[in-house]
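To keep things clear, I will list the structure first and then write my remarks on it.
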Number of protein chains: 4
Amino acid sequence: MLLAIDMNSETPIYTQLCRQIIKAIATKELQEGDELPSVRSLAADIGVNLHTVNKAYNILKADGFLVVNRRKGVVVSPSTGYTYNENYLQALKNELESVVIEALARHVSDDQLTQMVHEIVQEVRGD
Amino acid sequence: MLLAIDMNSETPIYTQLCRQIIKAIATKELQEGDELPSVRSLAADIGVNLHTVNKAYNILKADGFLVVNRRKGVVVSPSTGYTYNENYLQALKNELESVVIEALARHVSDDQLTQMVHEIVQEVRGD
Amino acid sequence: MLLAIDMNSETPIYTQLCRQIIKAIATKELQEGDELPSVRSLAADIGVNLHTVNKAYNILKADGFLVVNRRKGVVVSPSTGYTYNENYLQALKNELESVVIEALARHVSDDQLTQMVHEIVQEVRGD
Amino acid sequence: MLLAIDMNSETPIYTQLCRQIIKAIATKELQEGDELPSVRSLAADIGVNLHTVNKAYNILKADGFLVVNRRKGVVVSPSTGYTYNENYLQALKNELESVVIEALARHVSDDQLTQMVHEIVQEVRGD
DNA sequence: GTGGTCTAGACCACT
DNA sequence: GTGGTCTAGACCACC
C-alpha cells in the first residue's frame, strides 16, 4: 500500500492517513487480517511524527477498522467490525448535505451529482 | 431566515453560518438582491461576536455568494456570481470521495448513497 | 455625460464619480468651461446622497480639475489647472508599481502590460 | 526579506504586507517552498498585532501565493498556484484604467507612461 | 512551537 | 447607521 501525504493540505495528516487506509480497505487492497506497518516504521516511512501515526491508528481502532493482534500487531478487522449503523448513517447524511447543498446552490445539476457519485463508486470497485 | 448555531459543534461557528446561508440561497429562501442582516445585528441575534459573523460574510463574498451594496449593506449576488467552475468541480469531487469511500468501506450500498443524495436534492428543491 | 455608478463596487461612490468626471475630461467629452450639473441635481439624478456628490466635487476642485464660477456654478478648469507635477508623478509611479508588480508575479508578460496600457490610451484618445 | 511598514499610510497595514511579499516573490527574493516567518514572530518584528499579519497571510493564501505546510509553516506556493487567468486580467485592466486615465487627463504622455512601466519591470527583473 | 478560532472593544470611512 | 481595520488576549488542534 502506498500512502501519499500532502503536507500542504488543510486536512490534518492523521485524517489523511485514516482516509487512505480506509480507501485501501474499501478497494480490498487491504483485507481482513492483513497486517499494517508498525507505528514506528510507518512514521519513518512517510516522515511524520510517531504521535500522528498513532492517532490515526487509534481512530481507526475506535471506528472498528483495525484491531490489535497480539502476534501480528495492528491488523485489519473482520468486515463485521466496521459495518454502518444508524449513527453513522446520520453523520454521513449530514456530511453529504453540506457538500451537496453548496453544489446545488452553484447550479451543479442533480445528474452531475449522481454521476459523480457513480464515478467514485466505479473507481473503488474497479480499482 | 432562521439561523440555528450549535455552539458545541466542532465545526466552526463561521462555517455553520456559511452553510446555512448557502442553504437558504439553494432553497431560494434568499434570492438575488435580498438583504442580509448587518454583522452587528446578526451577531447580537445569535449571540456571537461580530467578527465571527464578519468572517462568514467575507468568505461568502469571496465565494461570490454575497456582495456589499453601498446602500443596502450585504446582499445576495446575482446567481451568475457563484456558478460552478472546473476548480470547484474538482474540489467537490475530492470532498465527495472522502465521504463516499468510507461509506463504501462500511458496506453502505451504491443505491443507499444515490438515494441519500436524491433525498437531499428533494429537500432543497421541494422546500 | 453619463455617469454609471456601481453600488456593489468596493470603490467608494465619490471615487467612482471623480474617476468618471476625470475620464470625461481626458476624452474631451468635457472641456474647459463646460458646466457640471449642480450637486443637488446630480445627486438626485444618480440617486446618491448630496454629501457624496459634494465630496467628489471638492476633491476635483482640490485637484484642479474643477473650479467654481460665480455665474455658471461648477465648471471644468482650463487644462493648465491640472497638469501633472513632480508629486503627482511620484504618486502615479507608486500606484503603477503595486499593480504592475503583482501582474509580473503572476507571470503577465512585459508585452502584455504595455499592450494593455496602449489599449487604454487608444480608448481614451479615440473615444 | 525586509518588510517596511508605514503606519501613517492610508493603505491598510495588511495590504502593505501583501504587496511587499508579492514584490519579494516577483523579484524572486522569495521562491517556491521558501518559508515565511510565523505570524507571531513577524507581528512582533514589525510591531503590529498578529491578526493583522494573519489577515495578510490569509489573503495571499486565497490568492494562491502562499500555502500552509504542516511541517514548515507558511511557505511560498509553486508558481503555478498564482498564474493569471481571465478574471485577473480583467481586474488588472480596470485597475490600470483608473490610474492611466487620470494620468492622461493630466497631460502625462503616452511615452512617459510606457517608460514608467518599463522602469518598474526593470527594477523587478534586474534586482 | 505552529496556525485557526473566538471574544471584546476601539476607531475610521462611507452614506 | 453600515462595513473595514486594528488591537489585545484567550483557547484549541496539530505536529
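Note on naming: letters A, B, ... go to the chains in the order of the sequence lines (proteins, then strands), and numbering restarts at 1 for each one.
The shortest side-chain heavy-atom distance between A/L36 and A/L42 does not fall under the 4.5 Å cut-off.
Per the geometry, CG belonging to B/N49 stands 16 Å off P belonging to F/dA10, to the nearest Å. Here the P atom of nucleotide F/dA13 and the CZ atom of D/R71 are 23 Å apart, to the nearest Å. Following rounding to the nearest Å, B/L50 (CG) and F/dT7 (P) show an atom-to-atom distance of 17 Å. Look at CG on D/L66: it is 11 Å from P on E/dG3, rounded to the nearest Å. Note: CG (D/N69) to P (F/dC15) measures 11 Å, nearest angstrom. Following rounding to the nearest Å, D/N54 (CG) and F/dG9 (P) show an atom-to-atom distance of 17 Å. Between the C1' atom of F/dC15 and the CG atom of A/L42 lies a distance of 15 Å, rounded to the nearest Å. One interatomic measurement links the two molecules: CD of B/E10 to C1' of F/dC11, which rounds to 16 Å at whole-angstrom precision.
Among the heavy atoms of the strands, none lies under 4.0 Å from C/V48. No contact: B/K72 has no heavy atom under 4.0 Å from any strand.
For D/H51 against E/dG4, a side-chain-to-base donor-acceptor contact under 3.5 Å is absent. One donor-acceptor pair, N or O on each side, does fall under 3.5 Å between the base of E/dG3 and the side chain of D/R40.
Look at B/T52 and you won't find any side-chain N or O under 4.0 angstrom from OP1 or OP2 of E/dC6. Distances shown here put a side-chain N or O of D/R70 below 4.0 Å from the OP1 or OP2 atom of F/dC15. Within the 4.0 Å cut-off from OP1 or OP2 of E/dC14, at least one side-chain nitrogen or oxygen of C/Y14 is found.
Residues A/G64 and A/Y82 approach most closely at O-CD2, 3.4 Å, considering heavy atoms. The heavy-atom pair separating C/R40 from C/L50 by the smallest distance is CA-CD2, 3.6 Å.
Base-pair partner of E/dC14: F/dG1 (Watson-Crick or G-U wobble, both distances under 3.5 Å).
Between D/N58 and D/K61, the side chains place a donor N or O and an acceptor N or O closer than 3.5 Å (distance only, hydrogens not considered). For the residue pair C/S41/C/S38, the side-chain donor-acceptor check at 3.5 Å is satisfied.
With DNA chain E read from its 5' end, the first of the two nearest nucleotides for C/K55 and B/M7 is the one closest to B/M7. Each of D/P12 and B/L36 has a nearest nucleotide on DNA chain F; the 5'-most of these lies closest to B/L36. Where D/T15 and A/T15 meet DNA chain F, the nucleotide closest to each residue was compared, and D/T15 sits on the side nearer the 5' end.
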